[in-house]
Amino acid sequence: MAQEDVFKKLVAHCKEYGYVFPSSEIYDGLAAVYDYGQYGVELKNNIKKYWWDSMVLLHENVVGIDSAIFMHPTIWKASGHVDAFNDPLIDNKDSKKRYRADVLIEDHIAKYEEKIEKEVAKAKKRFGEKFDETLFRQTNPQILQHQQKKEELRSRMAKALNDNDLNELRQIIIDNKIVCPISGTCNWTEVRQFNLMFSTEIGSTADGASKIYLRPETAQGIFVNFLNVQKTGRMKIPFGIAQIGKAFRNEIVARQFIFRMREFEQMEMQFFVRPGSELEWFKKWKETRMSWHQTLGFGAENYRFHDHEKLAHYANAATDIEFRFPFGFKEVEGIHSRTDFDLKRHQEFSGKKIQYFDPELNESYTPYVIETSIGVDRMFLQVIAAAYQEEEIEKEDGTKDARVVLKLPAALAPVKLAVMPLVKKDGLPEKAEEIMQALRLDFRCQYDEKDSIGKRYRRQDAIGTPFCITVDHQTLEDNAVTIRYRDTMQQERVAIDQLYGILKQKTDMRELLKQIKL
Ligand code: GAP
């Protein structure tokens, strides 16, 4: 099945099974804004817990805060967002559709990558076991040609973005005959800069209301609280401050479901270090964050680093962790070495001294910062895209059946356990209820007695419940149940008093946390 079709099905699945709904749907929706349903909110909370615990439980020197969304407007002047938080946009005159110029070019670059992968796949099929992929990639003339074009285009775009050369960006689009996906034409307007911050007013107009922004990142709430946390927490450098919270951006190109939203959530951590040690810490956090991702078990080959060619105005090193989504490798998380830019700017704009006295060096300085920044929603999409699978299975009578299953890591799954009486009589529902009561405070359980057992399994597969417990007549005699494992569909008979231990071990987030390489 084409990857676009898989993605469409995934979006439909999220809606049908209570994961994600379009916002304000009964009023025809609101572009790039989404609501999380009954299972979505649980998965989201579990992702946030996995991140939060990996920061503040695993690192003694990382603490959390929760700063306000509204902040003093000068903060956004100091951070550079008022003047420079822009996207270059371009309109197609025929379709009247608006695009980000850099995204159009990036999509074109991705086409070269697709061509390369197709060549490799073709050759693999042709040569079978003898195929030497590395050698093929290094020597095949077509691959080398695609590679060269890709690199040329990438560096030309990076230069145009670095120089803020909007005419050149447009010229790249024209020269590469990049067409509008809707009209198919190359009839483009000029490229213009568009600020992504939403603004509103605070205070009543009569009192003289002032313009205020909805924060476009949570990071600034951390920077302006640097001294508060450092002093009250008696924190010693190196130390970090973590925060999870909403952010808002008036994205021009809002597509790919919850990948790019106008209201979203971020999990950010700013790690304050001695000047000069920042690149070492940058390397360390790159590794730790990659390990956090890969511990979820979706396959190391589906992740990669993408080092930035165009560094943000505040960074001296930057990389993205990318995941292989159904629409290609895309950024899930950004890791930036932000220098002392933000603290220095807040010192300058607030007139307050923001420095750290280092008792070991016996001197004061402005700390340097390593930032790890990941979108909760984008991580949610990554998890659900990796977990979504359509499988053909064989029924007991030998006929084929299909199932859609969300192979979510058990620690993240919204519902851990479904308890099902085989029939709705003979005391089985009561026994099932008793098991539920014993387990419900530790594991999110669901009781289901409707339809055949096969249909009930399918329903639980579709929402990603890792374990189903069936209570049958035998249970009343031997106090044992059948546990059915979602991924293998294997069944096992276990004593009821062993259930807690099995479930605890298999769903405990601590088991994931222990595997992260720090
Ligand atoms: N403080 C740095 C910062 O905000 P960013 O690369 O702009 O950096 C960090 O954003 C992460 O936030 C991204 O890697 C992505 O996961 C998420 N993110 C950014 N914009 C988003 C949007 N419009 N919708 C959903 N997630 C977004």
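Every heavy atom of this structure was used, including side-chain atoms; hydrogens, water molecules and symmetry mates were not. Note that ligands are numbered from 1 as they come in the structure, with each ligand's atoms numbered from 1 the same way.
The shortest contact between atom 9 (C) of ligand 1 and any protein heavy atom is with Ser373 OG, 3.0 Å. Looking only at protein heavy atoms, the nearest one to atom 14 (O) of ligand 1 is Glu331 OE2, 2.5 Å. Nearest protein heavy-atom contact of atom 16 (O) of ligand 1 is Val332 O, 2.7 Å. The protein atom (non-hydrogen) at minimum distance from atom 10 (O) of ligand 1 is Gln266 NE2, 3.5 Å. Scanning the protein heavy atoms around atom 2 (C) of ligand 1, the nearest turns out to be Glu371 OE1, 3.1 Å. In terms of protein heavy-atom proximity, atom 25 (C) of ligand 1 is closest to Phe259 O, 3.3 Å. The nearest protein atom to atom 26 (N) of ligand 1, hydrogens excluded, is given as Phe264 CD1, 3.5 Å; this is a heavy-atom distance. Among protein heavy atoms, the minimum distance from atom 20 (N) of ligand 1 is reached at Arg249 NH1, 3.3 Å.
Rounded to the nearest 0.5 angstrom, His308 NE2 and Leu311 CG are separated by 8.0 Å.
For ligand 1 and Glu268, the ligand atoms under 4.0 Å from any heavy atom of the residue are 1 (N), 2 (C), 3 (C), 4 (O). Below 4.0 Å from some heavy atom of Met261 lie the following atoms of ligand 1, by number and element: 22 (C), 23 (N), 24 (N), 25 (C). Using a 4.0 Å cut-off to heavy atoms of Glu333, the atoms of ligand 1 that qualify are 14 (O).
Judged by distance alone, the side chain of Glu371 and the main-chain N or O of His336 form no donor-acceptor pair under 3.5 Å.
At a heavy-atom cutoff of 4.0 Å, ligand 1 is contacted by both the backbone and the side chain of Arg260.
Inspection of the Thr339 and Asn316 side chains reveals no N or O donor paired with an N or O acceptor under 3.5 Å. Donor-acceptor pairing under 3.5 Å is recorded for the side chains of Gln446 and Gln460. Asp377 and Tyr34 share no side-chain donor-acceptor pair at under 3.5 Å.
Note that Arg378 lies outside the cation-pi zone of Phe264, set by a 6.0 Å cut-off to the ring centre and a 45° limit from the axis.
Geometrically, ligand 1 and Asp377 share no nitrogen or oxygen pair separated by less than 3.5 Å. Between Gly375 and ligand 1, at least one pair of N/O atoms sits closer than 3.5 Å. Residue Ala219 places no N or O, backbone or side chain, under 3.5 Å from any N or O of ligand 1.
The shell of residues lying under 4.0 angstrom from ligand 1, judged by heavy atoms, includes Arg338.
The aromatic rings of Tyr112 and His146 are tilted relative to each other, their planes meeting at an angle between 30° and 60°.
Within 6.0 Å of the NZ atom in Lys246, the count of heavy atoms belonging to other residues, nucleotides or ligands exceeds 12. Heavy-atom contacts from other residues, nucleotides or ligands closer than 6.0 Å to CD of Glu360 number 12 or fewer.
Of the residues Lys150, Lys149, Lys118, the one that meets the salt bridge (Lys or Arg N to Asp or Glu O under 4.0 Å) test with Glu113 is Lys150.
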